J.: 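For reference, the structure I am asking about is given below.
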Amino acid sequence: MELHCELLLYLDKRRYFAKMKDDCENFLESLTEKTVSKFPSLRCFLEIDVMDVIDVLPSLGELIIKEPLKLQKMCNDVLFACLRSIDVDNYKLVEYSQVVVVLRLKCVPRILCLPNPKRYKGLTYFEGTLLAKSESVSYVYHTVWSCPEDCEDSINIIHYIPKTPPKCCICRSTMYENSGLRRCGDQVTATFKLKGDYLLRKFYIVDDLIPKLKVGLYYALHAIVGKSIIIWSLEKIEQCKAPMTHPVPRDLDVLYNACNRSPWKFIYCLASSLAINVCPLNCFIQLKINLLLSLASIKANVLTNSNILHVLATGFDTRFVGEIMNEAAKLTDKNILIGTSNTDVATALIAGTGGIAAFPLPLHAYNQKQIFSVLSAIESGEIMNETSKTKLKCAVWAHGMDFKKIVMFNVASVFGNVCRGDHGEFNDNIVEYLLQGSIEPSGITEDELRALKDISTYLSIVAGIEVELDKLPETLLRSYFLAARKERPRAVAISSMNSLITVSLTSARLCRRSVVTIEDAIFAIWLHVCGFPEPRFAPEEYLETPMNIRKLNKIMDGFKHWLEQFTGMSNL
């Protein structure tokens, strides 16, 4: 009785009684002599803030978590009592089983929900990514059964279709269903990749919850588990922006100041920390920089809906490129490998929403259907699945050998951003590195792990910064693009302009700036020229992999001088 009183107090305090009264009055107004015999249902939807209940009435909040079905029955009693209090003469025309309160929960504290859903007791919590949803179909939420002997009060309303027909409680005759009195709603089958589960799970989502489903988004689901799993409510989980006053890791702050706030110096140092157990620090630095920029762009896309930077690496033998990509992908919240266990490209791209979808093998190892699906998704920005279109919300990383230059040109024109992979210039360094590792094997130290963790934290902090393109950098990017298209139109695709802008914006974001400077634009153009197939625009001495910061600074000074001549702009 005490819990009933607490429930009544809470419903009255939060003005739920007003909604119940309106629903009951509308229901009674719709009743006529014809509709009464058809047993219409009264379904009242109540959305309850669980954190508010716990704060106001802790014992009632505990009941929601531990015995949610009991709470629903109590709400049904309250709704039926409201119905009886409004119209004393006609309430007998409505049976108790026609009245249902549909509870929807929000702000459910994760720590209080059942940690192990396999125990199936109380309110069960799931969270995962929605990969697909089916077309909407009908489901039964109550059926009406009648006695063939027309016994008095022999109507039976059941909230499902029983396996065997019920029997009359008076004459024990087998009852028959009046199919015309069925009440049906809409439901879809939603496929989720749950956190911590390797296999996909399917749930039935009904009625008002269906519009909330968006393929690719991450959801928290609150369910009641009995003979089947009933999803009571779901909430979209979104990452919040870090405030501008949020402190960055101390080591990175010191590094940023030591690099004189120069974008290419700072990003060079950050990128050199990627995949240090695969190759020497100074090898594949252009690839590492592009991977770092892509990581920052996908995190920024989640928070600001900015453009995503995809990565395509080319070379003679890209084995080490694939390994570097696999290591760098570990810095994201999600990383999906396409073509190994995930052969369905559309599902893999959806599952990688907010993270990375990588090709661990060279592109020519995949079939044409898989490659076409990825290229189509990148070019259109949409993923085609069985039932609908979904926006592409993950970065695609791929690499391939120069097996057919024509094919690579076509692929590069879709990606827009091409970086230099393995062209054999690092063979001596890698052989020496592997030999040294076999003589004196060493694992990843705690300092290295902390450095990678700091980089991941830093990417999450700067991801929410809104960046604008200033007029001077925009003019430089446009001048370079037009000059490059005039010089070699086939090698510079239209999508390259989008990549140049995205790299410039991401470079500024990594430096914690809200406006792109001329240095960001020069850095983006340098990366673009470095990824060109040979012969390249700029002299080779300006495109070499820098061994250290001092050589990088010298290379960039010479590259700026060449860029002034190439674009016709002075004082860069």
Side-chain angles (χ1 to χ4, degrees), residues 129 216-218 239 267 270-271 274-275 286-314 318 321-339 342 345-361 363 366 370-371 373-383 390-400 411-419 421 455-456 458-460 462-464 467 495-496 498-507 509-510 524 527-528 531:
T129 303
L217 298 185
Y218 200 72
Q239 183 180 352
I267 295 175
L270 290 183
L274 301 180
Q286 285 95 346
L287 169 65
K288 293 179 181 179
I289 290 174
N290 278 276
L291 295 178
L292 179 67
L293 293 170
S294 181
L295 290 171
S297 72
I298 189 59
K299 286 182 176 286
N301 175 264
V302 174
L303 298 179
T304 65
N305 203 29
S306 57
N307 289 338
I308 298 173
L309 187 66
H310 306 285
V311 177
L312 173 65
T314 60
T318 54
V321 171
E323 293 184 13
I324 293 172
M325 286 183 172
N326 289 340
E327 290 297 319
K330 295 177 182 179
L331 294 181
T332 61
D333 299 327
K334 299 178 186 177
N335 56 86
I336 304 295
L337 300 181
I338 301 177
N342 303 298
V345 172
T347 303
L349 293 178
I350 294 173
T353 298
I356 303 297
F359 287 87
L361 303 176
L363 276 179
Y366 297 87
Q370 291 176 314
I371 297 176
S373 298
V374 171
L375 296 182
S376 176
I378 295 174
E379 193 168 20
S380 64
E382 295 179 332
I383 306 169
T390 307
K391 283 190 176 182
L392 180 64
K393 291 285 188 177
C394 71
V396 178
W397 292 356
H399 59 101
V411 174
S413 65
V414 175
F415 273 81
N417 181 52
V418 183
C419 61
I455 292 175
S456 180
Y458 184 76
L459 293 178
S460 300
V462 301
V467 184
S495 57
S496 298
N498 183 44
S499 296
L500 286 168
I501 295 174
T502 305
V503 171
S504 301
L505 296 174
T506 308
S507 173
R509 183 176 286 111
L510 283 172
L527 289 174
H528 187 257

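Count residues from 1 along the sequence. These numbers were taken from a predicted model, which means no experiment stands behind them.
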J.: Less than 3.5 Å apart, any donor N or O on the side chain of Asn498 or Asn307 sitting next to an acceptor on the other?
T.: yes

J.: Are any side-chain N or O atoms of Tyr458 and backbone N or O atoms of Leu510, one a donor and one an acceptor, separated by less than 3.5 Å?
T.: yes

J.: Provide the closest heavy-atom pair for Asn290 versus Val311 in the form atom of the first, atom of the second, distance.
T.: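 Asn290 and Val311 have their closest heavy atoms at O-CG2, 3.7 Å.
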
J.: Give the minimum heavy-atom separation between Ala329 and Asn335, together with the two atoms involved.
T.: O-ND2, 3.4 Å

J.: With side-chain contact (heavy atoms from CB on, under 4.5 Å) as the criterion, how do His528 and Ser499 come out once you've worked through the C-alpha distance, each side chain's angles and the decisive distance to 0.1 Å?
T.: CA-CA 9 Å; His528 187 257; Ser499 296; 5.9 Å; no

J.: If you take all heavy atoms of Gly464 and Leu303, which pair is closest and at what distance?
T.: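 Shortest heavy-atom contact: N-CD1, 3.7 Å.
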
J.: Just jot down the side chain to side chain contact (heavy atoms under 4.5 Å, CB included) partners of Lys334, sequence neighbours excluded, or say none.
T.: Thr129, Tyr218

J.: Which value, rounded to the nearest 0.5 Å, describes the distance between Ser297 atom OG and Leu459 atom CG?
T.: 10.0 Å

J.: Mind checking the CD-NE2 spacing from Glu323 to His399? Nearest 0.5 Å is all I need.
T.: 9.5 Å

J.: Would you compute the distance between atom CG of Leu331 and atom CD1 of Ile356 and round it to the nearest 0.5 angstrom?
T.: 9.5 Å

J.: Do Val374 and Gln370 come close enough that some side-chain heavy atom pair is under 4.5 Å?
T.: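 A side-chain contact is absent here, since even the closest heavy-atom pair is not under 4.5 Å.
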
J.: For Ser373, which of Ile378, Ile338, Val345 qualifies under side chain to side chain contact (heavy atoms under 4.5 Å, CB included)?
T.: Val345

J.: Taking side chain to side chain contact (heavy atoms under 4.5 Å, CB included) as the definition, give me every residue that meets it alongside Ser495, ordered by chain and number, with sequence neighbours left out.
T.: Ala493

J.: Does a side-chain heavy-atom distance below 4.5 Å link Leu291 with Met325?
T.: yes

J.: So which heavy atom on Ile267 is nearest to which on Ser507, and how close?
T.: CD1-OG, 3.6 Å

J.: Under 3.5 Å, is there a donor-acceptor pair between the Lys393 and Asn305 side chains?
T.: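 There is such a pair (donor and acceptor under 3.5 Å, judged by atom type) between the side chains of Lys393 and Asn305.
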
J.: Taking all atoms of both residues into account, what is the closest heavy-atom pair of Leu312 and Leu363, and its distance?
T.: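 What the structure gives for the nearest pair is CD1-CD1, 4.0 Å.
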
J.: Once rounded to the nearest 0.5 Å, what's the spacing between atom CG of Leu270 and atom CG of Leu292?
T.: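 With rounding to 0.5 Å, CG (Leu270) is 5.5 Å from CG (Leu292).
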
J.: Rounded to the nearest 0.5 Å, what separates atom CD1 in Ile308 from atom CD1 in Ile298?
T.: 3.5 Å

J.: Tell me, do Phe359 and Trp397 make a side-chain contact under 4.5 Å, heavy atoms counted?
T.: no

J.: Which distance, rounded to the nearest 0.5 Å, do you find between the OG1 of Thr506 and the CG of Leu295?
T.: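 So the OG1 of Thr506 and the CG of Leu295 are separated by 10.5 Å.
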
J.: Donor-acceptor pair, distance only, cut-off 3.5 Å: does the side chain of His310 make one with the backbone of Val396?
T.: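 Yes, His310 side chain to Val396 backbone: donor-acceptor pair under 3.5 Å.
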
J.: Knowing that exactly one of Leu500, Leu293, Val418, Asn417 qualifies, which makes a side chain to side chain contact (heavy atoms under 4.5 Å, CB included) with Leu527?
T.: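 The side chain to side chain contact (heavy atoms under 4.5 Å, CB included) with Leu527 is passed solely by Leu293 among Leu500, Leu293, Val418, Asn417.
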
J.: Could you report the tightest heavy-atom contact between Ala463 and Thr304, atom names first, then the distance?
T.: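 Heavy atoms only, the tightest pair is O-CG2, 3.8 Å.
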
